[in-house]
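Basis for what follows: all heavy atoms, side chains included, without hydrogens, waters or symmetry-related copies.
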Amino acid sequence: MKNLNCDILIVGAGVAGLCAAIASARNKLDTILIEKESEIGYKIKGECIQKKSPIFEKIFGKGLPKEVTLNELTGRRIYSPSAKKYMEMEHSEPLVAIDYRLFIVEIFKELSKTNCRVLLNTEFLKTIKENEKVVGATCIKDNKEFNIKTKFIIAADGNESKIGNELNIKQSEIYYALKFNFENLNVPNPRHIELHLITNPPGAMWMFPKGPSSGETGITVWTHDLPDNFDILELWRKKSIENDRMRGIIEKAKSYYSSRDFLNFGGPIKNIFGNGVAFVGDAGGHVGAIGAAGIISCMSTGFDVAEFVANALLTEGEITEGMVEEFTRKYKKSQIQKFLKKEQSAGKMLRNVLFKSFKTEEVIDENWEKLETMVASQASDF
Ligand SMILES: Cc1cc2nc3c(=O)[nH]c(=O)nc-3n(C[C@H](O)[C@H](O)[C@H](O)COP(=O)(O)OP(=O)(O)OC[C@H]3O[C@@H](n4cnc5c(N)ncnc54)[C@H](O)[C@@H]3O)c2cc1C
């Protein structure tokens, strides 16, 4: 592979990177998108999103494409760890279950209308710096290293971000998660999401129906205080069997997809801009900290940051500190940033109350009505 040059290099082709690439390439900047896997959308991520969002207009020029929508979800039930208590809420805005891979294809169709170069099987290894400024990346493809020189890097390489690790961008609350897509699920109410809180370790199981007999389930833990031999699959087996309702839901189900992953519950990182680089999507913590809902916020930050970088390069030929400050000031007031900040404080507070103050199943049940009021006042839809 020869060394390459471009205006904007985007690392990672999840929803954030794809939307960043669309914004950059639509502005006619020479854009390269690299993805370490052999396929875009290789790992299936979130599949439950709000039906309406301004980002769909920006990407598709219309609403969410009908082809990707599987089911409407009008409300949710949250069960206490003992499963003796639950609270039920209707969503103020309808949510939908989507097929992630079809969704990625629809976004990719938009990218394919541009002149963006897409390199699969291409892994970012390290940044190239000149006078402390990031001016490129060393990458590897087919076991051969090569350099991509660029005016700016957008790091959309997910919550294990190699660029973030290299540049010491700290994300504190990233927790283990395990996801299954099932057929033949015994879905109690196809319109309702279910969340089942767990203790020892603290966390939650979820079930998102995609129809009367299909859906996504999973488990996450909200602690790093775990034994060395911790295995999330073992935990899922134990907790889903102990819980009568979840056991009934999955008893006859067959999974056609499963993945071990990580979920962000910490909220956005303090400063998404470094010298010559910006962090978007999971890499920037752009995920709702209550329910780790990140598809829409990752798409939005990817698109908006790339649009800002592209405009700055087109008008001034560079991105100055002043421009970054002005963008950041305005961006803090955007709907997405307000949503992320609100979720950050509410998520921390709710988990502290549940698992540090109340702790045990009994005390959580005793205080369930109080929690219900708290959740109703804090929760936002995805
Ligand atoms: C199990 C699970 C369930 C979820 N449920 C929901 C939900 O229901 N609703 C919702 O809104 N959100 C949900 N989320 C969160 C949401 O899916 C994520 O926040 C969002 O998809 C992150 O997108 P991203 O593009 O930032 O990162 P990713 O999708 O992780 O994309 C990062 C990309 O970068 C690539 N990459 C990484 N390192 C390198 C490298 N060194 N070189 C090149 N490429 C690299 C990766 O291969 C990957 O393709 C869920 C997440 C998980 C894991």
query = Would D231 and R260 pass as an ion pair if we require N to O under 4.0 Å?
reply = yes

task = Using a strict 4.0 Å threshold on nitrogen-to-oxygen distance, state whether E194 and R76 make a salt bridge.
result = no

Chi angles and distances behind the salt bridge (Lys or Arg N to Asp or Glu O under 4.0 Å) call for K85, D365 = CA-CA 7 Å; K85 303 257 179 174; D365 279 349; over 6 Å; no

query = Under 4.0 Å between a Lys/Arg side-chain N and an Asp/Glu carboxylate O for E110 and K113?
reply = yes

task = Please determine if K210 and D99 form a salt bridge, counting it only when a charged side-chain N lies under 4.0 Å from a carboxylate O.
result = no

query = What do you reckon, are the aromatic ring centroids of Y256 and F182 less than 6.0 Å apart?
reply = no

ask   = What are the two closest non-hydrogen atoms of G288 and S297, and how far apart are they?
value = N-OG, 4.4 Å

request  = Taking the six-membered ring for Trp and the single ring otherwise, decide whether the centroids of F180 and W236 are under 6.0 Å apart.
outcome  = yes

query = Taking atom CZ of F146 as the centre, does the number of heavy atoms from other residues, nucleotides or ligands within less than 6.0 Å exceed 12?
reply = yes

request  = Give the intermediate values and the outcome of side chain to side chain contact (heavy atoms under 4.5 Å, CB included) for residues L95 and F208.
outcome  = CA-CA 11 Å; L95 299 185; F208 296 163; over 6 Å; no

query = Looking at E242 and R247, does any basic side-chain N land under 4.0 Å from a carboxylate oxygen?
reply = no

query = Counting only heavy atoms not in E39, do more than 12 sit closer than 6.0 Å to its CD atom?
reply = yes

ask   = What do you reckon, is CD of E234 surrounded by more than 12 foreign heavy atoms closer than 6.0 Å?
value = yes

message = Check this for me: does any side-chain nitrogen of one of K149 and E130 sit under 4.0 Å from a carboxylate oxygen of the other?
response = yes

task = Measure from the ring center of Y176 to the ring center of F230 and say whether it is less than 6.0 Å.
result = yes

ask   = Is it the case that more than 12 heavy atoms not belonging to K348 sit under 6.0 Å from its NZ atom?
value = no

task = For the pair R77 and Y79, evaluate side chain to side chain donor-acceptor pair (under 3.5 Å) and give the outcome as yes or no after the intermediate values.
result = CA-CA 6 Å; R77 262 192 193 188; Y79 280 86; 2.7 Å; yes

request  = For atom NZ of K43, decide whether the heavy atoms of other residues, nucleotides or ligands shown that lie under 6.0 angstrom number more than 12.
outcome  = yes

task = Tell me, with the steps shown, if V187 and I249 meet side chain to side chain contact (heavy atoms under 4.5 Å, CB included).
result = CA-CA 6 Å; V187 176; I249 291 171; 5.6 Å; no

note = Residue pairs passing the side chain to side chain donor-acceptor pair (under 3.5 Å) test with at least one member in residues 310-327, sequence neighbours excluded, are E326-K330

ask   = Is the centre of the H224 ring less than 6.0 Å from the centre of the Y175 ring?
value = yes

request  = Using the side chain to side chain donor-acceptor pair (under 3.5 Å) rule, collect all pairs that involve residues 114-123, keeping only residues at least two apart or in two chains.
outcome  = D30-R117, E123-K162

key: K51/E93 salt bridge by N-O under 4.0 Å criterion   = no

key: Within one Ile-Leu-Val-Met-Phe-Trp-Tyr cluster: I78 and M205, side-chain cutoff 4.5 Å   = no

message = Before you tell me yes or no, could you show the steps for E160 and N165 under side chain to side chain donor-acceptor pair (under 3.5 Å), namely the whole-Å CA-CA distance, both residues' side-chain angles and the distance that decides it to 0.1 Å?
response = CA-CA 8 Å; E160 293 176 273; N165 288 335; over 6 Å; no

ask   = Can you say whether the rings of F308 and F327 are parallel (under 30°), tilted (30 to 60°) or perpendicular (over 60°)?
value = parallel

key: K52/E57 under salt bridge (Lys or Arg N to Asp or Glu O under 4.0 Å): CA gap, chis, key distance, verdict   = CA-CA 9 Å; K52 290 193 180 140; E57 309 302 321; over 6 Å; no

ask   = Going by an N to O cut-off under 4.0 Å, is there a salt bridge joining K45 and D261?
value = yes

task = Evaluate the side chain to side chain donor-acceptor pair (under 3.5 Å) criterion for residues T127 and E166: first the C-alpha distance (whole Å), next the side-chain angles of each, then the deciding distance (0.1 Å), finally the verdict.
result = CA-CA 8 Å; T127 59; E166 186 194 315; 2.4 Å; yes

